[in-house]
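These notes are about the structure you will find just below.
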Amino acid sequence: QEHYGGLNGLTVTWIGDGNNVLHSIMTSAAKLGMHLRVATPKGFEPDLSITKISEQYSNKYGTKLLLTTDPLEAADGANVLVTDTWISMGQEEEKKERLKAFQGYQVTMQTAKSAASNWTFLHCLPRKPEEVDDEVFYSPRSLVFQEAENRKWTI
């Protein structure tokens with residue numbers, strides 16, 4: 001909101017794990033007037049009950065919701081590209097399997113080619129290079145450090 005001046009009508013794209021951070025976005029995006037495009041590998045989709053709630057909210061608030069396994073499809077037209085850790089606390093033993101499953105999900109400038117001309121990038125940190133490359137993470141499009149600073153004021 002701080003960067004775009006408002007949230008209504010923005011398209012947010014999540015690329016990565018169907019985790020708790022995605023669940024929070026899914027249950028709030030439509031209420032804020034944002035369209036949501038989600039790309040997760042097979043077997044790593046968001047919780048079905050959260051997906052159902054998100055679909056209901058999308059219908060109620062007139063927003064669009066896309067669930068796919070194709071990160072490039074999800075990135076198409078996105079104002080905001082978002083990812084998070086692929087290996088959360090307690091999942092360390094699954095690291096090898098997860099890194100294999102998430103091949104092709106790294107956010108790169110190639111991912112952003114079909115995004116909106118004003119696209120930005122978010123990641124709630126800490127970031128691993130396999131999730132987003134340095135070119136995107138340290139680019140002027142990256143708002144991760146402003147995002148971290150804003151989080152400080154809500155804690």
Side-chain angles (χ1 to χ4, degrees), residues 1-42 44-47 50-88 101-155:
Q1 182 169 331
E2 179 181 357
H3 180 78
Y4 289 102
L7 301 176
N8 194 44
L10 290 179
T11 298
V12 175
T13 292
W14 175 273
I15 298 173
D17 192 19
N19 63 18
N20 60 319
V21 177
L22 173 59
H23 291 160
S24 293
I25 293 171
M26 290 177 73
T27 56
S28 60
K31 290 179 181 181
L32 299 168
M34 296 185 298
H35 308 291
L36 183 59
R37 302 171 70 85
V38 176
T40 56
K42 286 186 189 217
F44 297 90
E45 298 90 351
D47 184 271
I50 300 294
T51 299
K52 287 181 181 179
I53 290 168
S54 184
E55 288 170 345
Q56 291 169 355
Y57 287 162
S58 185
N59 288 332
K60 179 177 179 178
Y61 295 100
T63 62
K64 295 176 186 163
L65 174 66
L66 171 73
L67 300 172
T68 182
T69 58
D70 183 349
L72 297 179
E73 178 185 14
D76 190 39
N79 303 105
V80 184
L81 300 172
V82 187
T83 195
D84 184 27
T85 186
W86 297 345
I87 303 157
S88 295
F102 284 87
Q103 291 219 348
Y105 282 79
Q106 181 190 48
V107 178
T108 65
M109 289 296 184
Q110 182 66 35
T111 311
K113 272 192 174 179
S114 65
S117 61
N118 65 345
W119 71 271
T120 55
F121 174 75
L122 295 174
H123 190 300
C124 64
L125 304 177
R127 162 263 186 172
K128 304 283 189 302
E130 61 265 12
E131 299 154 1
V132 54
D133 71 7
D134 285 351
E135 188 176 14
V136 171
F137 187 79
Y138 293 108
S139 78
R141 304 288 188 137
S142 177
L143 301 177
V144 295
F145 298 113
Q146 294 95 318
E147 177 184 9
E149 193 236 349
N150 287 342
R151 193 167 47 250
K152 176 175 97 171
W153 302 108
T154 64
I155 292 174

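Of all heavy-atom pairs between Val80 and Leu122, the closest is CG1-CD1, 3.7 Å. For the residue pair Thr69 and Lys42, the shortest heavy atom distance occurs at CG2-CG, 3.8 Å. The two residues Asn79 and Ala116 make their nearest non-hydrogen contact at ND2-CB, 3.7 Å. The two residues Trp86 and Glu131 make their nearest non-hydrogen contact at N-OE2, 3.2 Å. Considering every non-hydrogen atom in both Val21 and Cys124, the closest pair reads CG2-SG, 4.2 Å. When all heavy atoms of Thr63 and Ala30 are compared, the closest pair comes out as OG1-CB, 3.3 Å.
For the residue pair Glu73 / Thr68, a side-chain donor-acceptor distance below 3.5 Å is found, with atom types taken as modelled. Residues Ser54 and Thr51 have side chains that never bring a donor and an acceptor to within less than 3.5 angstrom of each other. With hydrogens and angles left out, the side-chain atoms of Thr120 and Tyr4 include a donor and acceptor closer than 3.5 Å.
Side-chain atoms of Leu22 and Asp84, non-hydrogen and from C-beta on, never get closer than 4.5 Å to each other. Within the 4.5 Å cutoff, the side chain of Ile87 has no heavy atoms near those of the Phe102 side chain. The shortest side-chain heavy-atom distance between Glu2 and Asn150 falls under the 4.5 Å cut-off. The closest side-chain heavy-atom distance from Thr27 to Ile50 is below 4.5 Å.
A donor-acceptor contact shorter than 3.5 Å is absent between the side chain of Tyr57 and the backbone of Ser28. Side chain of Arg127 to main chain of Val132: a donor-acceptor pair is present (N/O by atom type, distance under 3.5 Å, no hydrogens or angles). In this structure, the side chain of Ser142 does not engage the main chain of Ser139 through any donor-acceptor pair within 3.5 Å. Counting only distance, with no hydrogens or angles, the side chain of His23 and the backbone of Asp47 share a donor-acceptor pair below 3.5 Å. The closest donor-acceptor contact from the side chain of Glu45 to the backbone of Gly18 lies at 3.5 Å or more, if one exists at all. Not one N or O on the side chain of Ser58 forms a donor-acceptor pair closer than 3.5 Å with the backbone of Glu55. No donor-acceptor pair closer than 3.5 Å links the side chain of Thr11 to the backbone N or O of His35. Using a distance-only test at 3.5 Å, with no hydrogens or angles considered, a donor-acceptor pair links the side chain of Gln106 to the main chain of Pro129.
For the atom pair Tyr105 OH and Asp17 CG, the distance stands at 11.0 Å (nearest 0.5 Å). Taken from CG in Leu67 to CG in Leu36, the straight-line distance is 7.5 Å, to the nearest 0.5 Å. Summarising the geometry, atom NZ belonging to Lys113 is positioned 10.5 Å from atom CG belonging to Leu72; distances are rounded to the nearest 0.5 Å. Glu147 CD to His3 NE2: the interatomic distance, rounded to the nearest 0.5 Å, is 12.5 Å. Between atom CG of residue Asp76 and atom OG1 of residue Thr111 there is a gap of 12.5 Å, rounded to the nearest 0.5 Å. One distance of note links CG of Leu7 with NZ of Lys31; it measures 14.0 Å at 0.5 Å rounding.
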Working for side chain to side chain contact (heavy atoms under 4.5 Å, CB included), residues Trp119 and Val136: CA-CA 11 Å; Trp119 71 271; Val136 171; 4.2 Å; yes
Tell me, with the steps shown, if Asp70 and Arg37 meet salt bridge (charged side-chain N to carboxylate O under 4.0 Å, His left out). CA-CA 10 Å; Asp70 183 349; Arg37 302 171 70 85; over 6 Å; no
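Between Tyr138 and Phe121, the ring centre distance reaches or exceeds 6.0 Å.
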